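Taking it in order: structure first as structure tokens, then the write-up.
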Amino acid sequence: MSNTLVIYSTVDGQTKAICEQVRKINQELGATVTLASLDEAESLGLAQFDKILVAASIRYGKHRPELYQFINRHHAVLDAKKNAFFTVNVVARKPEKNTPETNPYVKKFLALSLWQPQQLAVFAGKIDYPKYRLFDKTMIRFIMWMTKGPTDTSGTFEFTDWTKVDEFARAFAER
């Protein structure tokens with residue numbers, strides 16, 4: 001039975017929702033799982049865990065700077081554990097950009113990160129126009145218009161492939 005830490009960095013909550021599903025599956029498969037935000041993870045003592053998963057969302061083409069700061073501080077501990085990373089972004093809704101090898105944000109993460117995770121994934125996120133402030137709603141709508149995505153600001157559009165999430169979670173549990 002492994003002692004697993006799942007760390008998330010999220011803007012609107014979809015990354016956390018995906019992490020909750022990963023936690024559920026890993027618990028069903030016998031792991032003890034702690035779910036923590038990036039801020040909470042700082043005080044947990046990473047050395048006590050057998051496995052560590054880090055998950056992060058994209059907003060306006062970037063991971064939050066705090067993600068890289070965390071990884072720069074803890075990459076040696078992450079490297080010493082069984083580990084994984086996934087990113088959540090709406091670009092991954094496109095079949096030609098929904099794998100770690102083809103997603104520009106995974107590539108950028110690997111280029112900028114001191115840590116090279118053992119297991120990688122990318123999941124398509126969610127657009128929740130009614131939840132956004134005016135600025136974000138306008139910017140995201142413009143980005144969606146440019147990339148031929150949904151632009152109806154009264155709608156919520158979830159692109160996450162939950163079967164793919166479950167497969168990733170099982171593979172992580174078996175590491």
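Just so it is clear, the model here is predicted, and its values are computed rather than measured.
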Heavy-atom side-chain contact between D166 and I25 under 4.5 Å = yes
task = Search all heavy atoms of I143 against all heavy atoms of Y60 and return the closest pair with its distance.
result = CD1-CD2, 4.0 Å
inquiry  = Distance check, rounded to the nearest 0.5 Å: L46 atom CG versus I7 atom CD1?
reply    = 5.5 Å
ask   = Can you tell me if T87 uses its side chain to pair, donor with acceptor, with the backbone of A56 under 3.5 Å?
value = yes
ask   = Is a donor on one side and an acceptor on the other found under 3.5 Å between the side chain of D50 and the backbone of S2?
value = no
task = Drop me the distance from Q14's CD to K16's NZ, to the nearest 0.5 angstrom.
result = 12.5 Å
task = Take E101 and K107, measure what side-chain contact (heavy atoms from CB on, under 4.5 Å) needs, and give me the verdict at the end.
result = CA-CA 7 Å; E101 298 77 26; K107 291 179 184 181; 5.9 Å; no
key: Where V165 and V22 come nearest, the two heavy atoms and their spacing   = CG1-CG2, 4.2 Å
query = Mind checking whether I71 and V6 sit in one hydrophobic cluster, side chains of I, L, V, M, F, W, Y counted as touching below 4.5 Å?
reply = no
Which residues share a side chain to side chain contact (heavy atoms under 4.5 Å, CB included) with R59, sequence neighbours left out = V11, D12, Y132, D136, I140
task = With K51 as the cation and F172 as the aromatic partner, state whether NZ or CZ is under 6.0 Å from the six-membered ring centre and within 45° of the axis.
result = yes
request  = With side-chain hydrogen bond (donor to acceptor under 3.5 Å, both in side chains) as the test, would you mind laying out the steps for R93 and T147 before giving the verdict?
outcome  = CA-CA 11 Å; R93 76 188 188 281; T147 62; 3.1 Å; yes
query = Which distance, rounded to the nearest 0.5 Å, do you find between the CG of L53 and the NZ of K81?
reply = 15.0 Å
query = Is I52 reachable from F70 through a run of hydrophobic residues whose side-chain heavy atoms are each under 4.5 Å from the next?
reply = yes
message = Minimum heavy-atom separation for Q116 and L110, please, with both atom names.
response = NE2-O, 3.0 Å
key: For Y129 against R141, the heavy-atom pair lying closest together   = OH-CA, 3.5 Å
remark   = side-chain hydrogen bond (donor to acceptor under 3.5 Å, both in side chains) pairs touching residues 28-37, sequence neighbours excluded, are S37-E40
inquiry  = Between Y8 and V54, does the side-chain contact (heavy atoms from CB on, under 4.5 Å) criterion hold? Intermediate values first, please.
reply    = CA-CA 6 Å; Y8 63 89; V54 178; over 6 Å; no
ask   = Can you say whether the rings of F109 and F85 are parallel (under 30°), tilted (30 to 60°) or perpendicular (over 60°)?
value = parallel
query = Do H63 and S9 get their side chains close enough for a donor-acceptor pair, meaning under 3.5 Å?
reply = no
task = Determine whether L44 and V77 fall in the same hydrophobic cluster, where Ile, Leu, Val, Met, Phe, Trp and Tyr are linked whenever their side-chain heavy atoms lie under 4.5 Å apart.
result = yes
query = Would Q119 and F168 count as a side-chain contact (heavy atoms from CB on, under 4.5 Å) if you check the C-alpha gap in whole Å, the side-chain angles of each, and the deciding distance to 0.1 Å?
reply = CA-CA 9 Å; Q119 183 183 354; F168 171 85; 3.2 Å; yes
Centroid-centroid distance, F123 to F159, less than 6.0 Å = no
task = Of all the heavy-atom pairs spanning C19 and L35, show the shortest one and how long it is.
result = CB-CD1, 3.6 Å
request  = Hey, could you give me the CG/NE2 distance between N83 and H75, rounded to the nearest 0.5 Å?
outcome  = 12.5 Å
K82 (side chain) donor-acceptor with Q118 (main chain) under 3.5 angstrom = no
request  = Give a yes or no on whether the backbone of A121 and the side-chain of K164 come within a donor-acceptor separation of less than 3.5 Å.
outcome  = no
request  = Indicate if L67 and V122 have the same hydrophobic cluster label, given that clusters are the connected sets of ILVMFWY residues with side-chain heavy-atom separations under 4.5 angstrom.
outcome  = yes
ask   = Same cluster or not: are L29 and F86 linked, directly or through other Ile, Leu, Val, Met, Phe, Trp or Tyr residues, by side-chain heavy atoms under 4.5 angstrom apart?
value = no
query = Between N103 (side chain) and K97 (backbone), is there a donor-acceptor pair under 3.5 Å?
reply = yes
inquiry  = Taking A169's backbone N and O only, do any of them form a donor-acceptor pair with N26's side chain (distance below 3.5 Å, no angle check)?
reply    = yes
inquiry  = Is it true that, when you exclude W145 itself, more than 12 heavy atoms of the residues, nucleotides or ligands shown sit nearer than 6.0 Å to its CH2?
reply    = no
message = What I'd like to find out is whether the side chain of W115 reaches to under 4.5 Å of the side chain of D79, using heavy atoms alone.
response = yes
query = Distance from L112 atom CG to N72 atom CG, nearest 0.5 Å?
reply = 10.0 Å
request  = Report yes if the side chains of K137 and K131 come closer than 4.5 Å at any heavy-atom pair, otherwise no.
outcome  = no
message = Before you tell me yes or no, could you show the steps for I127 and E158 under side-chain contact (heavy atoms from CB on, under 4.5 Å), namely the whole-Å CA-CA distance, both residues' side-chain angles and the distance that decides it to 0.1 Å?
response = CA-CA 6 Å; I127 296 174; E158 184 170 346; over 6 Å; no
task = Locate the shortest heavy-atom distance separating A36 from A41; write the atom from each residue and the value.
result = CB-N, 4.2 Å
Basic-acidic side-chain contact under 4.0 Å: E42, R73 = yes
key: Approximate separation, where rounding is to 0.5 Å, of M144 CE and D152 CG   = 13.5 Å
query = Between V91 and Y105, is any pair of side-chain heavy atoms under 4.5 Å apart?
reply = yes
task = Spell out, as yes or no, whether a donor-acceptor pair under 3.5 Å connects the side chain of N89 to the backbone of A124.
result = no
